[in-house]
Amino acid sequence: MTAIQPETLEPPAPRSDLLDLVDQLALAVESKVIEWRREIHARPELACKEFRTSSLVAAHLRALRFDEVRTGLGGGTGVIGVLRGSMDGPVIALRADMDALPVREETGLPFASKVTADWGGVEVPVMHACGHDAHTAVLMGAAEVLAALRDDLPGTVLFVFQPAEEGPPPGWVGLHGAKLLLAEGALSSPKPEAMYGIHVVGGKPPGTAGHIHYHVGCGGYAMRQFKIVVEGKGGHASMPWRTIDPLVVGAQILLGLQTIISRNTDVYRNQATLSIGSFRGGEKFNVIPDVAVMEGALRVTDAASMPEMERRLSSLVEGMASAVGALGRVEWGHYDPQLTNDIELCAIAASSLERAAGPDGVVAVAPPFALDDFAQFSQHIPSLFFTVDVPPCKNTGSRPISGLLLRRGDIRGLCSFHHCLAPECDRVIVGAWLLRRRGSIDQLDRASLLQAISVLTARRQRSRECACAASRDFNVQRIQHHGNFESL
């Protein structure tokens with residue numbers, strides 16, 4: 001593994017007066033961000049139909065006198081604003097997604113969505129259930145702050161407002177979302193040297209508002225979407241013996257699919273999931289249909305396992321259908337890779353994230369966020385994607401959470417960092433480098449390291465949500481082979 005040189009990871013210290021000005025501008029725009037977020041939340045739009053949202057964004061960027069405001073991107077609703085500073089410098093991209101989901105809102109909030117829209121020929125309720133309203137509003141606020149600092153801004157900032165992160169509407173043909181923006185060359189002139197994305201995370205306990213989490217290296221899920229089509233023989237429901245019921249066959253396939261994870265996958269090395277989100281067939285209660293269709297996604301944390309799992313899924317569908325005289329096939333769809341957070345960007349951004357979290361906040365290296373098509377950008381541009389906790393209650397003060405607290409340099413740091421690093425990294429060496437940089441490596445002996453690995457193993461047994469598999473025996477053998485910690 002190429003050695004990581006700490007001296008190359010220290011960003012230049014920004015001027016204190018500029019940081020103070022950023023704080024003042026951010027505070028001044030806060031009420032606008034809240035207003036934008038609530039307006040977008042009350043009027044959500046589904047993927048590839050974010051016309052009102054993109055118009056709101058474009059009008060805002062033009063009012064800020066951006067150098068360029070590019071519209072009609074990513075299938076028609078994407079927007080990219082180009083802000084050039086007064087000094088030479090790098091090109092940085094900031095990204096937010098804009099689309100909502102076909103979900104009914106029942107929050108009772110005064111700005112709750114009452115919107116319905118067409119989704120594959122069906123009228124469905126629409127809600128911003130994944131926080132994209134917040135992402136868009138926050139990036140609009142950042143645009144206003146940085147536009148006010150144009151005279152002090154070195155380089156260029158691209159503000160990327162992306163459609164269709166949640167996937168395209170039924171019947172959509174071709175690429176969508178981040179992958180389509182890349183294919184169109186929307187980020188090629190100028191090409192960013194670094195790209196940053198954010199995701200809010202709800203459902204957290206009180207006291208965690210503003211807590212920031214990110215992973216280092218490659219992590220999270222790779223995902224393959226799929227459609228299962230079962231062709232049977234329809235007929236009247238009163239005479240099912242004259243039919244080959246595709247709904248019954250589909251139900252059997254749905255149950256059988258669960259064994260691919262529960263009986264064929266080592267979940268300690270590959271935290272895979274296989275979920276069906278849609279099962280359709282038939283239009284009338286007394287008619288057995290000819291065809292049933294299921295749609296879902298296969299997610300893996302070991303990307304190399306995907307081809308074999310796809311083979312198993314196809315074999316199961318075809319075999320179970322064939323056994324009762326039906327035809328079953330799998331139509332494979334969109335693929336998202338695992339998200340790679342650039343190691344150097346993580347180190348550079350650490351102090352900025354700490355400052356954003358505040359003196360009582362928490363910034364932690366943690367298991368990767370489940371999935372976001374920002375991963376497509378990370379395959380082409382050095383990237384950093386992080387999450388911010390947004391519990392439903394007001395923050396009542398920070399409390400310690402598991403993970404590498406960036407203000408600490410103790411044994412817990414190694415435990416969590418070992419747990420979250422990319423598979424291709426030498427976890428122990430990088431974790432040791434991080435602790436050495438913080439001045440406490442001399443306190444770690446072999447027993448302490450073994451204790452850390454034991455703690456990690458216990459945590460892994462309690463939760464399978466972690467995204468990078470780690471084996472205690474493997475690491476213990478490495479330490480035994482080398483004899484002691486220092487020789488690593």
Side-chain angles (χ1 to χ4, degrees), residues 46-49 100-106 115-127 129 164 166-174 176 223-265 267 272-300 305-335:
L46 295 170
C48 304
K49 300 179 181 180
L101 288 164
V103 173
R104 184 181 306 281
E105 179 162 4
E106 298 178 348
V115 172
T116 62
D118 177 80
W119 187 250
V122 179
E123 193 73 10
V124 297
V126 185
M127 176 188 177
E166 300 287 359
W172 183 271
V173 178
H176 68 275
M223 181 193 72
R224 172 75 76 186
Q225 296 177 17
F226 60 83
K227 177 189 292 186
I228 297 172
V229 180
V230 180
E231 298 180 16
K233 179 182 178 182
H236 200 279
S238 66
M239 295 176 282
W241 57 88
R242 294 184 177 180
T243 73
I244 300 174
D245 192 337
L247 295 175
V248 173
V249 178
Q252 293 172 335
I253 290 173
L254 175 58
L255 293 176
L257 290 176
Q258 309 312 309
T259 63
I260 294 177
I261 305 299
S262 65
R263 294 297 179 268
N264 299 130
T265 303
V267 295
T273 66
L274 196 166
S275 298
I276 299 294
S278 173
F279 191 158
R280 306 185 305 276
E283 300 294 340
K284 202 165 190 305
F285 79 96
N286 60 348
V287 178
I288 293 173
D290 290 316
V291 178
V293 177
M294 290 177 280
E295 293 183 76
L298 176 61
R299 297 173 173 87
V300 299
S305 71
M306 186 69 85
E308 173 61 17
M309 297 188 75
E310 290 178 357
R311 186 196 67 78
R312 285 182 178 274
L313 195 155
S314 294
S315 178
L316 186 148
V317 169
E318 294 166 7
M320 293 189 73
S322 176
V324 294
L327 293 175
R329 69 178 186 273
V330 180
E331 298 175 1
W332 295 104
H334 178 75
Y335 176 79

request  = May I have the step-by-step check of side chain to side chain contact (heavy atoms under 4.5 Å, CB included) for Leu313 and Leu257, ending in yes or no?
outcome  = CA-CA 7 Å; Leu313 195 155; Leu257 290 176; 3.8 Å; yes
Flag, side chain of [X] to backbone of [Y], donor-acceptor distance under 3.5 Å:
X      : Y      : value
Thr265 : Ile260 : yes
Ser322 : Gly319 : no
Lys49  : Pro169 : no
Asp118 : Glu123 : no
Arg224 : Gly333 : yes
Ser314 : Arg311 : no

query = Does the side chain to side chain contact (heavy atoms under 4.5 Å, CB included) test come out yes or no for Gln252 and Leu254, once each step is laid out?
reply = CA-CA 5 Å; Gln252 293 172 335; Leu254 175 58; over 6 Å; no
task = Any chance you could lay out the side chain to side chain contact (heavy atoms under 4.5 Å, CB included) test for Asn286 and His236, step after step, and finish with the verdict?
result = CA-CA 6 Å; Asn286 60 348; His236 200 279; 4.0 Å; yes
ask   = Considering residues at least two apart in sequence or located in another chain, which fulfil the salt bridge (Lys or Arg N to Asp or Glu O under 4.0 Å) criterion with Arg280?
value =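 Testing Arg280 for salt bridge (Lys or Arg N to Asp or Glu O under 4.0 Å), a comparison that skips the adjacent residues, returns Glu295.
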ask   = Crowded around Glu283 CD? As in, over 12 foreign heavy atoms under 6.0 Å?
value =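 No - once you tally the heavy atoms of other residues, nucleotides and ligands closer than 6.0 Å, there are 12 at most.
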request  = Tell me, with the steps shown, if Phe279 and Leu247 meet side chain to side chain contact (heavy atoms under 4.5 Å, CB included).
outcome  = CA-CA 9 Å; Phe279 191 158; Leu247 295 175; 4.0 Å; yes
Let me confirm one number: the [atom1]-[atom2] distance from [X] to [Y], rounded to the nearest 0.5 Å.
X      : Y      : atom1 : atom2 : value
Thr116 : Arg104 : OG1   : CZ    : 9.0 Å
Gln225 : Tyr335 : CD    : OH    : 12.5 Å
Arg312 : Ile261 : CZ    : CD1   : 10.0 Å

task = Could you check if a side-chain atom of Leu298 sits within less than 4.5 angstrom of a side-chain atom of Met223, using non-hydrogen atoms only?
result =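 No - every pair of side-chain heavy atoms lies 4.5 Å or more apart.
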task = For Trp332, enumerate each residue passing the ring-ring contact (aromatic ring centres under 6.0 Å, His included) test, keeping only those at least two apart in sequence or located in another chain.
result =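 Trp332 satisfies ring-ring contact (aromatic ring centres under 6.0 Å, His included) with Phe226 only.
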query = Between Arg329 and Glu318, is there a salt bridge with N-O shorter than 4.0 Å?
reply =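 Looking at Glu318 and Arg329, the cut-off is not met.
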